[in-house]
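Just below is one structure, and these are the notes that go with it.
Sequential numbering from 1 along the given sequence is applied to the chain's residues.
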Amino acid sequence: MISSLRGTVLAAVGTSLVIEVGGVGLSVSVTPEHALSVRVGSETQVNTALIVREDDLALYGFRSAEELEVFNLLRGVTGVGPKSAMGVLAALTPDDVARAVTEENDSAFRKVSGIGPKTAKLIVLNLAGKLVVSTRQPGVTSVRANSVSEQVSMALQGLGWPDKLAQPAAESALRDASEAELNDVQAILRRAILLVGSRGGKAGS
């Protein structure tokens with residue numbers, strides 16, 4: 001089992017990182033926000049989950065143990081595959097997930113593209129009592145305000161949405177954001193993902 005990786009970032013595009021470890025470049029699926037937060041040429045460390053299938057080996061990467069824990073819990077829910085679990089983490093922080101489960105707010109999951117009403121209810125039922133809302137302040141990933149819309153649009157396209165849907169969603173999310181969120185790519189990206197999902201955007205798998 002590959003539980004973590006540390007190495008040099010060779011590429012960071014859409015929802016994928018290529019990390020060089022011991023001379024070997026390993027492709028790791030991550031959230032769009034995660035991909036935007038690293039720089040090519042820098043060293044990074046990720047917690048990982050290796051998904052083994054008959055015809056495929058896939059690595060999924062996470063910045064924290066909490067994200068990995070939520071990913072694994074989500075995959076244990078009927079109807080939630082690795083890509084849908086990543087979709088949830090792209091839209092919601094681990095604390096957001098814990099809060100939604102604690103409050104039995106399945107609508108938070110229905111807003112995520114690829115998660116239907118039945119699956120959303122199953123997530124709440126299956127994760128009940130397994131997560132605790134943290135009291136720590138979440139980290140903020142900031143970029144220049146005039147580049148936020150473009151970066152969020154590119155991240156959405158990396159998730160599979162067409163440009164004609166991704167760009168308007170990014171711009172709309174930016175318009176709806178509070179002043180404190182304007183330079184917070186994490187907040188704008190989550191707004192855009194939820195906006196696209198609520199309008200019947202491209203479903204994940």
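The line from CD of Glu69 to CG of Asn47 is 11.5 Å long, rounded to the nearest 0.5 Å. Between the CD1 atom of Ile19 and the CZ atom of Arg6 there is a distance of 10.5 Å, given to the nearest 0.5 Å. The distance from atom OG1 of Thr8 to atom CD of Glu20, rounded to the nearest 0.5 Å, is 6.0 Å. One distance of note links CG of Asp106 with CG of Leu122; it measures 10.0 Å at 0.5 Å rounding. Atom CG of Leu74 and atom CG of Asn72 lie 9.0 Å apart (nearest 0.5 Å). A distance of 4.5 Å separates CD1 in Ile123 from CD1 in Ile115, rounded to the nearest 0.5 Å.
Ala108 and Ala100 get closest at one heavy-atom pair: CB-CB, 3.8 Å. In plain terms, the two heavy atoms of Ala12 and Ala35 that are nearest each other are CB-O, 3.8 Å. Heavy-atom minimum distance, Val46 versus Gly61: CB-CA, 4.4 Å. When all heavy atoms of Leu68 and Ala49 are compared, the pair lying nearest together is CD1-CB, 3.8 Å. Shortest non-hydrogen contact noted between Ala120 and Arg110 is CB-CG, 3.5 Å. Contact between Ala85 and Arg75 at its shortest, heavy atoms only, is CB-CG, 4.2 Å.
If you chain together hydrophobic residues whose side chains sit under 4.5 Å apart, Ile2 and Val18 never meet in one group. Using a 4.5 Å cut-off between side-chain heavy atoms of Ile, Leu, Val, Met, Phe, Trp and Tyr, with links allowed through other members, Val21 and Val28 fall into the same hydrophobic cluster.
In summary, of the residues considered (Leu59, Val38, Leu36, Leu17), a side chain to side chain contact (heavy atoms under 4.5 Å, CB included) with Val30 occurs for Leu17 alone.
In the model, Ser107 has a side-chain atom that pairs as donor or acceptor with a side-chain atom of Asn105 under 3.5 Å.
A donor-acceptor pair is defined here as one N or O able to donate and one able to accept, closer than 3.5 Å; such a pair exists between the side chain of Ser42 and the backbone of Arg39. Without hydrogens or angle criteria, Glu67 side chain to Arg63 main chain gives a donor-acceptor distance under 3.5 Å.
Using a 4.5 Å cut-off on side-chain heavy atoms (C-beta onward), Phe62 and Leu89 make contact. Between Ser4 and Gln45, some side-chain heavy-atom pair lies under the 4.5 Å cut-off. You'll find the side chain of Tyr60 reaches within 4.5 Å of the side chain of Ile51, heavy atoms only. Proximity of His34 to Thr15: side-chain heavy atoms (C-beta onward) are nowhere separated by under 4.5 Å. Side-chain contact between Arg190 and Thr93: present, with at least one pair of heavy atoms (C-beta onward) separated by less than 4.5 Å. Taking the side chain as every heavy atom from C-beta outward, Leu5 and Leu26 approach each other to under 4.5 Å.
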* What do the steps show when you test Ser29 against Lys83 for side-chain contact (heavy atoms from CB on, under 4.5 Å), and what is the final call? -> CA-CA 9 Å; Ser29 294; Lys83 290 183 179 180; over 6 Å; no
* To do: Give the intermediate values and the outcome of side-chain contact (heavy atoms from CB on, under 4.5 Å) for residues Asp176 and Arg191.
  => CA-CA 8 Å; Asp176 293 343; Arg191 280 183 177 273; 3.9 Å; yes
* To do: I would like to know whether Phe109 and Leu92 meet side-chain contact (heavy atoms from CB on, under 4.5 Å); could you show each step before the answer?
  => CA-CA 9 Å; Phe109 301 107; Leu92 306 170; 3.9 Å; yes
* **Worked verdict on Val77 versus Leu127 for side-chain contact (heavy atoms from CB on, under 4.5 Å)** => CA-CA 8 Å; Val77 178; Leu127 270 58; 3.7 Å; yes
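Comment: Arg99 engages Asp96 in a salt bridge, judged by a side-chain N to carboxylate O separation of less than 4.0 angstrom.
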